[in-house]
Amino acid sequence: MTYTPPSPEELMQQAIDMTYKGMDKGQSPFGCAIWYQGEIIACAHNTVMQTIDATAHAEVNAIRQACQHIGQVHLTGAMVATTCEPCPMCMAALHWAQVDTVYFGATIADADEAGFNELHLSADTLIKVGKSSVRLIGGVKTMDCRQLFQDWLGRDDRKVY
C-alpha cells in the first residue's frame, strides 16, 4: 500500500504546535512529530522538568508514543520532524527505532545559545561515525523553530537543564 506523507513543513508545524502546548505547561521549547504508514502516530513535547527525567526529550517521548501505538520497537519507514537538531541521545534513539528520515529546524548551536547544556556533537557527525542509515535533513521551518527559543527565553517560568 502506498501512503502519501505530509510535507516536512506540515509535519514540523505539528511539532511546533506541540512545543507551544508544552511551553504552556512550563516545559522547555522542544517538540517532535512522527508520521508512519499514512498517519501521524505521535506528537510530543519535552517533559524533562515535569517528569524529573533527564531522558524525557521530545524525540524520546514521541518514539515511546509511536512504538506503543504500533506495538513494536521499530519504526521503519517513519518520517520524523523535530524542532531542534537531535542531541546525541535522541539521535541514537531514532537510529535504534530505525526511522527513515529526520527533519529538524533549529540547531544544537541554537539550543546552546538559549542556555541549554548541549554536547557539541552534531547529529550528522553521530550518523556518519556510527554508520547509521537514518537520513537527516535540516533547515525545515528554521526561523519558526528558532522563534520557540526566543518565546521561551521571554518566559518567567523557564528552566534550563
Side-chain angles (χ1 to χ4, degrees), residues 5-36 39-69 75 78-97 99 101-127 134-161:
S7 70
E9 293 78 15
E10 291 168 329
L11 190 60
M12 184 65 76
Q13 189 59 55
Q14 295 293 315
I16 290 168
D17 293 346
M18 183 56 71
T19 303
Y20 279 115
K21 289 178 184 177
M23 287 168 54
D24 288 344
K25 296 176 184 176
Q27 300 306 299
S28 56
F30 301 93
C32 181
I34 299 176
W35 177 90
Y36 179 79
E39 65 179 316
I40 295 174
I41 61 169
C43 198
H45 60 79
N46 188 300
T47 59
V48 168
M49 294 303 191
Q50 175 186 335
T51 59
I52 312 169
D53 178 354
T55 69
H57 291 197
E59 297 92 336
V60 171
N61 289 341
I63 290 167
R64 288 173 179 154
Q65 283 180 14
C67 291
Q68 288 295 309
H69 181 81
L75 300 168
M79 183 168 103
V80 177
T82 183
T83 59
C84 189
E85 178 182 358
C87 72
M89 175 186 70
C90 292
M91 194 63 246
L94 291 160
H95 165 81
W96 291 322
V99 304
T101 306
V102 175
Y103 296 96
F104 69 91
T107 65
I108 288 173
D110 295 322
D112 183 59
E113 188 175 305
F116 289 90
N117 183 27
E118 295 300 319
L119 287 171
H120 296 272
L121 177 63
S122 72
D124 187 55
T125 298
L126 189 62
I127 285 172
V134 175
R135 290 187 306 147
L136 182 70
I137 301 169
V140 178
K141 295 184 73 87
T142 298
M143 296 311 294
D144 293 338
C145 292
R146 286 180 179 154
Q147 186 62 46
L148 293 166
F149 289 121
Q150 294 307 309
D151 293 348
W152 180 78
L153 286 167
R155 298 178 68 100
D156 292 331
D157 63 345
R158 73 179 183 276
K159 293 182 180 106
V160 295
Y161 50 88

Item checked: Pairs where residues 19-32 contributes a residue and the test salt bridge (charged side-chain N to carboxylate O under 4.0 Å, His left out) is met, not counting sequence neighbours -> D24-R155
Next item on the list: Locate the shortest heavy-atom distance separating E59 from C84; write the atom from each residue and the value.
Entry: OE2-O, 3.7 Å
Item checked: Residue pair A106 / C145: nearest heavy atoms and the distance that separates them -> N-CB, 3.5 Å
Next item on the list: Kindly write out the residues that satisfy ring pair (Phe, Tyr, Trp, His ring centres under 6.0 Å) with Y36, not counting sequence neighbours, or none if the list is empty.
Entry: none
Notebook entry, point to check: Side chains of V134 and V99: does their closest heavy-atom pair fall under 4.5 Å?
Noted result: yes
Next item on the list: Considering non-hydrogen atoms only, spot the tightest contact between I108 and S122 and give its length.
Entry: CD1-CA, 4.0 Å
Note to self: If you compare all heavy atoms of C43 against all heavy atoms of A33, which two are closest, and at what distance to 0.1 Å?
What the structure shows: SG-CB, 4.0 Å
Margin query: Could you check whether any side-chain N or O of Q27 sits under 3.5 Å from a backbone N or O of Q50, counting only pairs where one atom can act as donor and the other as acceptor?
Written below: yes
Note to self: Exactly one of T55, T82, L126, V60 should register a side-chain contact (heavy atoms from CB on, under 4.5 Å) with C90. Which one does?
What the structure shows: V60
Next item on the list: Classify the ring geometry between F149 and F116 as parallel (under 30°), tilted (30 to 60°) or perpendicular (over 60°).
Entry: tilted
Item checked: Inter-residue atom distance D151.CG - M23.CE, 0.5 Å rounding -> 5.5 Å
Check: How long is the gap from CD1 on I16 to CE on M18, to the nearest 0.5 Å?
Finding: 12.5 Å
Notebook entry, point to check: Should C67 and L75 count as side-chain neighbours, where that means a heavy-atom distance under 4.5 Å?
Noted result: yes
Checklist line | Pairwise distance CZ(R135) to CD1(I127) - rounded to 0.5 angstrom | finding: 11.0 Å
Next item on the list: Could you grab the distance from atom CD1 of I40 to atom CE of M79, nearest 0.5 Å is fine?
Entry: 8.0 Å
Item checked: Min side-chain heavy-atom separation S28-V48 under 4.5 Å -> no
Next item on the list: Taking all heavy atoms of A62 and all of A42, pick out the closest pair and write down the distance.
Entry: O-CB, 3.3 Å
Notebook entry, point to check: Can you tell if the side chain of R158 reaches within under 4.5 Å of the side chain of L153, non-hydrogen atoms only?
Noted result: yes
Check: With a cut-off of 6.0 Å (strictly less than), are more than 12 heavy atoms of other residues, nucleotides or ligands near CD of Q68?
Finding: no
Next item on the list: Working to the nearest 0.5 Å, report the span between CZ of F30 and CH2 of W152.
Entry: 7.5 Å
Checklist line | Spacing of CD1 belonging to I63 relative to CG belonging to L94, to within rounding of 0.5 Å | finding: 4.0 Å
Check: Is S7 reaching over with its side chain to a backbone N or O of E10, donor-acceptor style, under 3.5 angstrom?
Finding: yes
Margin query: Can a donor-acceptor pair be found, under 3.5 Å and without considering hydrogens, that links the side chain of T19 to the backbone of P29?
Written below: no
Note to self: Is it the case that the side chains of Q65 and N61 hold a donor-acceptor pair, with the cut-off being a distance below 3.5 Å and no angle test?
What the structure shows: no
Next item on the list: State, to 0.1 Å, how close G105 and M12 come at their nearest heavy-atom pair, and which atoms those are.
Entry: N-CE, 3.6 Å
Notebook entry, point to check: Taking side chain as C-beta onward, heavy atoms only, is E118 less than 4.5 Å from E85?
Noted result: no
Next item on the list: Give me the one residue out of L136, I137, V80 that meets side-chain contact (heavy atoms from CB on, under 4.5 Å) with T101.
Entry: I137
Check: Above 12 or not: heavy atoms from other molecules or residues under 6.0 Å from CD of E9?
Finding: yes
